[in-house]
Novice: 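Let me give you the structure first, and then I'll get to my questions.
One-based numbering, in listed order, for ligands and for the atoms of each. Predicted model, so just to flag it, every value in this text is computed and none were measured.
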Amino acid sequence: MFENLQGRLGDIFDKLTKRGALSEADVNEAMREVRVALLEADVALSVVKDFVKKAKEKAIGEEVLKGINPGQMVIKIVHDCMVEMLGSEETAINLKAVPPVAILMVGLQGAGKTTTSAKIGLMLKKKERKKVLLASLDIYRPAAQQQLEVLAKQAELTSLPILFGEQPVAIAKRAMQEGKKGGYDVVILDTAGRLHIDEKLMEEVANVRDVAKPAETLLVTDAMMGQDSVNVAKEFNEKIGITGIALTRVDGDARGGAALSMKEITGAPIKIMGIGEKIDEIEAFHADRVASRILG
Ligand code: GDP
């Protein structure tokens, strides 16, 4: 992944033979290439501008380390800066609340909410020995509730029995009551998505949030979606308030620059990465890995 940006920067730095500190002119020229790389990776323009400014400040005057050339030095600085911006802080799912702890899964239809709900359930069961209850609040998409039930079975997790005709807020209430009664540590609420954000969806999710009082509200977004996901993240954050991002389809070939934009624009950390369709194909977020991809 480094080769690409390295290739771009190669021509610029080939002209330099002397070692020493990175000059302002060299850094400016290099950052033009970084800017193009980021825009190509679907990072939002405002975020690109901020990023380049920060990276420039770090790079100018920096001594080139022994054993590497100036191009590699710039790449190192840019990469470190990207990791810092993506977030190297705590990304564990917050379970610090009186059990049953609610995790609210939100996002557009097809983003991977249902799959990720089951994946997180399985991960918490396996790694943290938590007793997890899954509940689908998606009464609109045909068979969505059954889909979660099937995934729960695969993961050997319990899902809230489906009562046909029950409305989302009532399902959330019942899930929390069942969570309490059954001694569950965690209740994962899989909300309905729409193809586009609409008022009704937001109102419904807000009502569910008020009932469940989640410790985590995770926005599930598809890494392949590009810049549109930034608006989605902004909307959900303004209307619902998100505490983290679950990025799905990280196994695809998208560069995933939108992840950086979402993090920057909402301030919510990326916590989870979906890396395949299978129920155990989930990982904690690795800023390092995503940074390398975005830089190309
Ligand atoms: P929802 O509408 O948001 O609940 O989305 P689903 O959970 O139904 O997921 C939509 C499709 O994306 C399904 O076919 C999933 O198998 C697939 N999917 C979800 N997460 C991932 C992932 O991390 N990688 C891949 N390759 N596919 C995924």
Side-chain angles (χ1 to χ4, degrees), residues 42 91 93 102-124 126 132-155 157 159-160 162 168 171-172 175 187-198 200-202 204-205 208-209 214 216-226 228-233 235-237 239-240 242 244-259 262 270-286 289-290 293-294:
D42 255 348
T91 55
I93 291 184
I103 301 177
L104 187 63
M105 307 293 288
V106 302
L108 293 186
Q109 188 172 311
K113 278 183 308 303
T114 306
T115 314
T116 309
S117 299
K119 283 178 173 181
I120 291 177
L122 180 61
M123 186 181 79
L124 294 176
K126 279 205 313 209
V132 179
L133 177 66
L134 295 171
S136 170
L137 280 54
D138 188 354
I139 58 170
Y140 309 103
R141 191 162 56 96
Q145 290 175 288
Q146 287 86 343
Q147 185 194 345
L148 187 68
E149 201 168 46
V150 169
L151 290 170
K153 278 213 178 84
Q154 271 177 33
L157 293 168
S159 60
L160 188 76
I162 301 166
I171 303 175
V187 176
I188 301 179
L189 301 168
D190 178 21
T191 63
R194 305 273 203 280
L195 289 176
H196 302 283
I197 285 180
D198 64 53
K200 199 165 162 277
L201 165 77
M202 285 299 177
E204 180 184 294
V205 178
V208 167
R209 175 202 60 199
E216 282 280 11
T217 300
L218 295 180
L219 174 72
V220 182
T221 60
D222 178 348
M224 313 278 279
M225 193 172 152
D228 284 347
S229 57
V230 180
N231 295 330
V232 171
E235 281 281 314
F236 271 99
N237 195 39
K239 303 261 163 65
I240 310 295
I242 60 172
I245 296 167
L247 199 61
T248 62
R249 297 207 181 83
V250 177
D251 50 306
D253 54 11
R255 301 261 298 274
M262 286 191 287
I270 305 162
K271 297 203 162 184
I272 292 290
M273 299 195 300
I275 51 164
E277 292 197 38
K278 291 201 208 86
I279 198 136
D280 58 352
E281 287 178 319
I282 182 170
E283 279 183 1
F285 175 67
H286 296 299
R289 192 167 144 191
V290 175
R293 272 173 79 130
I294 294 175

Novice: Hey, looking at atom 9 (O) of ligand 1, which of Gly112, Ala111, Ala144, Ala246 has the closest heavy atom?
Specialist: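 Ranked by closest heavy atom to atom 9 (O) of ligand 1, first place is Gly112.
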
Novice: Should you measure from each heavy atom of Lys113, which atoms of ligand 1 turn up under 4.0 Å away?
Specialist: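 Answer for ligand 1: 1 (P), 3 (O), 4 (O), 5 (O), 7 (O).
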
Novice: Can you list the ligand 1 atoms lying under 4.0 Å from a non-hydrogen atom of Gly110?
Specialist: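 Every atom of ligand 1 under 4.0 Å from some heavy atom of Gly110: 1 (P), 2 (O), 3 (O), 5 (O), 10 (C).
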
Novice: Using a 4.0 Å heavy-atom cut-off, which part of Asp251 comes near ligand 1: side chain, backbone, both, or neither?
Specialist: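 The part of Asp251 near ligand 1 is the side chain, not the backbone.
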
Novice: Tell me whether Lys271 contacts the main-chain N or O of Phe285 through its side chain, where contact means a donor paired with an acceptor under 3.5 Å.
Specialist: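 No; zero donor-acceptor contacts below 3.5 Å.
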
Novice: Is Gly276 near ligand 1, meaning one of its heavy atoms is under 4.0 Å from it?
Specialist: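 The answer is yes, since Gly276 has a heavy atom less than 4.0 Å from ligand 1.
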
Novice: Of the choices Thr115, Val220, Asp190, which has the non-hydrogen atom that lies closest to atom 6 (P) of ligand 1?
Specialist: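 Selected option, by shortest heavy-atom distance: Thr115.
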
Novice: Is it the case that more than 12 heavy atoms not belonging to Asp198 sit under 6.0 Å from its CG atom?
Specialist: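 Correct, the count exceeds 12.
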
Novice: In terms of atom number and element, which parts of ligand 1 are under 4.0 angstrom from non-hydrogen atoms of Arg141?
Specialist: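 Ligand 1 atoms under the 4.0 Å threshold to Arg141: 2 (O), 4 (O), 8 (O).
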
Novice: Any Lys/Arg nitrogen of Lys200 or Glu204 sitting under 4.0 Å from an Asp/Glu carboxylate oxygen of the other?
Specialist: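 No, no charged N to carboxylate O under 4.0 Å.
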
Novice: With backbone taken as N, CA, C and O and side chain as the heavy atoms from C-beta onward, which portion of Met273 lies under 4.0 Å from ligand 1: side chain, backbone, both, or neither?
Specialist: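 It is neither part, as no heavy atom is under 4.0 Å.
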
Novice: List ligand 1 atoms under 4.0 Å from Gly274, heavy atoms only on the residue side.
Specialist: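 Answer for ligand 1: 23 (O).
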
Novice: Which option out of Gln109, Glu277, Lys278 puts a heavy atom nearest to atom 28 (C) of ligand 1?
Specialist: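 Going through Gln109, Glu277, Lys278 one by one, Glu277 has the nearest heavy atom to atom 28 (C) of ligand 1.
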
Novice: I'd like to know if Arg249 and Asp222 make a salt bridge, using a cut-off of under 4.0 Å between side-chain N and carboxylate O.
Specialist: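 Salt bridge between Arg249 and Asp222, a charged N being under 4.0 Å from a carboxylate O: yes.
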
Novice: Considering only heavy atoms of Lys119, which atoms of ligand 1 have at least one such atom less than 4.0 Å away?
Specialist: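 Those of ligand 1 that fall under 4.0 Å from Lys119 are 22 (C), 23 (O).
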
Novice: Does ligand 1 have an atom under 4.0 Å from some heavy atom of Gln147?
Specialist: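 Under 4.0 Å: yes for Gln147.
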
Novice: Heavy-atom contact under 4.0 Å between Leu108 and ligand 1?
Specialist: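 Yes; Leu108 lies near enough to ligand 1 that a heavy-atom distance drops under 4.0 Å.
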
Novice: In Å, rounded to the nearest 0.5 Å, how long is the span from CD of Glu235 to CD1 of Ile242?
Specialist: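 One gets 11.5 Å once the value is rounded to the nearest 0.5 Å.
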
Novice: Under 4.0 Å from any heavy atom of Ile275, which atoms of ligand 1 are there?
Specialist: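 The list of qualifying atoms is 23 (O).
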
Novice: Working to the nearest 0.5 angstrom, can you tell me the gap between Ser136 OG and Ile171 CD1?
Specialist: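 That separation rounds to 6.5 Å.
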
